[in-house]
Amino acid sequence: MTEKELLAVACEQFLGKNVVDIKNVVLQTLEGHLRSILGTLTVEQIYQDRDQFAKLVREVAAPDVGRMGIEILSFTIKDVYDKVDYLSSLGKTQTAVVQRDADIGVAEAERDAGIREAECKKEMLDVKFMADTKIADSKRAFELQKSAFSEEVNVKTAEAQLAYELQGAREQQKIRQEEIEIEVVQRKKQIAVEAQEILRTDKELISTVRCPAEAEAHRIQQIAEGEKVKQVLLAQAEAEKIRKIGEAEAAVIEAMGKAEAERMKLKAEAYQKYGDAAKMALVLEALPQIAAKIAAPLTKVDEIVVLSGDNSKVTSEVNRLLAELPASVHALTGVDLSKIPLIKNVTGAQV
């Protein structure tokens with residue numbers, strides 16, 4: 001407690017003791033009061049009313065611990081149990097009693113409900129039987145009355161139907177005659193309309209088909225004539241182009257021929273002027289080319305070995321080649337080397 005006098009009492013009681021000692025003193029005091037209160041109550045009271053049990057403990061123990069300077073702020077019973085399962089058996093018995101009473105109550109309620117349901121069904125069936133009987137009586141009387149009414153109605157209906165059919169036949173005959181007259185008038189009008197339609201269609205065909213067709217034909221004819229003229233002009237232009245090109249090529253060829261003829265004429269005049277010396281120069285210029293053409297296959301040969309004995313024909317073969325040289329030159333160039341003194345001496349020499 002925080003009051004000065006009670007705080008002084010607490011200091012006097014617990015000064016020099018630790019927290020565990022203080023807890024043991026308070027616990028032992030509460031346990032002693034708890035046992036004393038347990039002796040005044042039955043097991044059922046303790047088990048069923050824990051709040052009252054805790055209240056008694058607080059009321060009895062509060063003054064005692066208060067004299068030690070301790071105040072009980074809260075005290076509750078967490079659990080009540082025993083080692084011989086008395087309390088659990090007590091709960092089972094109570095549970096069984098409650099379950100039994102509940103089952104009995106359910107059975108009695110179901111029985112009462114079944115009885116009441118049967119009574120209600122019986123009353124419903126009685127009421128339904130009476131209602132069905134009354135309905136059947138009413139229906140039978142209704143059917144009898146209905147049959148009488150139907151018979152009378154059928155007689156009247158047959159009479160009325162016969163009179164109606166007779167009158168309908170007369171009216172139908174009149175209507176048919178009027179319809180025939182109307183059809184005749186309609187047919188006449190239809191013939192007149194068809195005649196007008198034929199005239200209109202003919203005019204429409206003239207305006208929409210024949211005239212446009214003639215115009216289209218004229219347009220196509222003009223286009224064809226224009227295309228024909230265009231093709232003729234193109235052909236004439238192409239022919240003129242080919243002719244001009246041919247004339248130009250002919251002029252070029254003629255000019256080239258005249259130039260070549262002039263060159264040959266000048267060369268011939270030069271040859272005529274210079275005589276044998278010019279021919280000799282031409283032959284000497286041509287001889288390396290002739291020799292190159294003859295020796296061309298030998299350029300692919302790396303080495304030539306000539307084997308001969310005392311009676312070798314190499315000399316005779318060389319002489320033969322030199323003897324045939326003037327004829328070859330004359331055939332290629334038109335120059336007769338045998339008529340040139342210098343060449344004649346060379347070809348006639350012994351090698």
Side-chain angles (χ1 to χ4, degrees), residues 1-139 142:
M1 296 179 179
T2 57
E3 296 180 4
K4 291 182 179 181
E5 294 81 3
L6 298 176
L7 184 58
V9 174
C11 292
E12 181 181 355
Q13 294 291 327
F14 300 108
L15 188 61
K17 296 182 180 181
N18 56 26
V19 176
V20 176
D21 294 336
I22 297 172
K23 287 184 177 180
N24 290 331
V25 171
V26 175
L27 181 59
Q28 291 174 3
T29 303
L30 291 176
E31 287 179 352
H33 291 292
L34 186 62
R35 291 189 182 93
S36 63
I37 294 171
L38 284 173
T40 62
L41 299 174
T42 64
V43 177
E44 288 77 5
Q45 291 176 342
I46 297 171
Y47 186 74
Q48 295 175 359
D49 196 356
R50 298 183 186 184
D51 293 337
Q52 182 65 24
F53 180 34
K55 182 179 178 182
L56 292 174
V57 174
R58 285 196 301 270
E59 291 177 354
V60 175
D64 194 3
V65 297
R67 287 190 291 270
M68 292 185 295
I70 300 298
E71 181 182 6
I72 298 176
L73 299 176
S74 175
F75 182 82
T76 57
I77 302 299
K78 291 175 61 179
D79 193 12
V80 178
Y81 64 92
D82 65 300
K83 296 181 180 180
V84 295
D85 294 333
Y86 177 79
L87 294 175
S88 60
S89 299
L90 182 63
K92 291 180 180 179
T93 304
Q94 186 66 26
T95 302
V97 171
V98 173
Q99 185 65 36
R100 182 197 62 193
D101 295 340
D103 293 339
I104 292 171
V106 171
E108 290 177 352
E110 291 179 353
R111 181 197 62 195
D112 296 340
I115 293 170
R116 183 59 183 165
E117 184 178 359
E119 292 176 353
C120 292
K121 286 183 179 180
K122 183 178 179 300
E123 292 177 359
M124 182 187 68
L125 292 174
D126 293 340
V127 172
K128 186 176 182 299
F129 177 74
M130 294 176 64
D132 291 341
T133 302
K134 291 181 179 180
I135 291 171
D137 293 339
S138 299
K139 187 175 182 181
F142 171 74

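What you see is a predicted model, and the numbers here were worked out from it, not measured in a lab. Side-chain atoms are counted along with the backbone in the values below, which use heavy atoms only and exclude waters and symmetry mates.
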Close side-chain approach of Asp51 and Lys55, heavy atoms under 4.5 Å: no

Distance-minimising heavy-atom pair for Val60 and Pro63: O-CD, 3.5 Å

Pairwise distance CD(Glu110) to CG(Asp103) - rounded to 0.5 angstrom: 10.0 Å

Min side-chain heavy-atom separation Phe129-Leu125 under 4.5 Å: no

Ile70 vs Val25 side-chain heavy atoms within contact, under 4.5 Å: no

Heavy-atom pair of closest approach, residues Val9 and Gly69: CG1-N, 4.1 Å

Euclidean distance, Ile72 CD1 relative to Glu59 CD, rounded to 0.5 Å: 11.0 Å

Taking every non-hydrogen atom, the tightest pair across Thr29 and Met68: OG1-CE, 3.8 Å

Nearest-0.5 Å distance that lies between atom CZ in Phe142 and atom CD1 in Ile135: 14.0 Å

Heavy-atom pair of closest approach, residues Lys17 and Ile22: O-CD1, 4.2 Å

salt_bridge(Asp112, Arg116) N-O dist < 4.0 Å: no

Close side-chain approach of Phe14 and Asp21, heavy atoms under 4.5 Å: no

Gap between atom NZ of Lys121 and atom CD of Glu117 - 0.5 Å precision: 4.5 Å

Test side chain to side chain donor-acceptor pair (under 3.5 Å) applied to Asn24 and Gln28, step by step: CA-CA 6 Å; Asn24 290 331; Gln28 291 174 3; 5.7 Å; no

Spatial distance of atom CD (Glu108) from atom CG (Asp101) [nearest 0.5 Å]: 9.5 Å

Value rounded to 0.5 Å, distance of CD in Gln13 from SG in Cys11: 10.5 Å

Heavy atoms of other groups near Met124 CE, more than 12 under 6.0 Å: yes

Min side-chain heavy-atom separation Lys134-Asp137 under 4.5 Å: no

Heavy-atom side-chain contact between Leu73 and Glu71 under 4.5 Å: yes

Beyond-backbone contact of Leu34 with Ile37, side-chain heavy atoms, under 4.5 angstrom: no

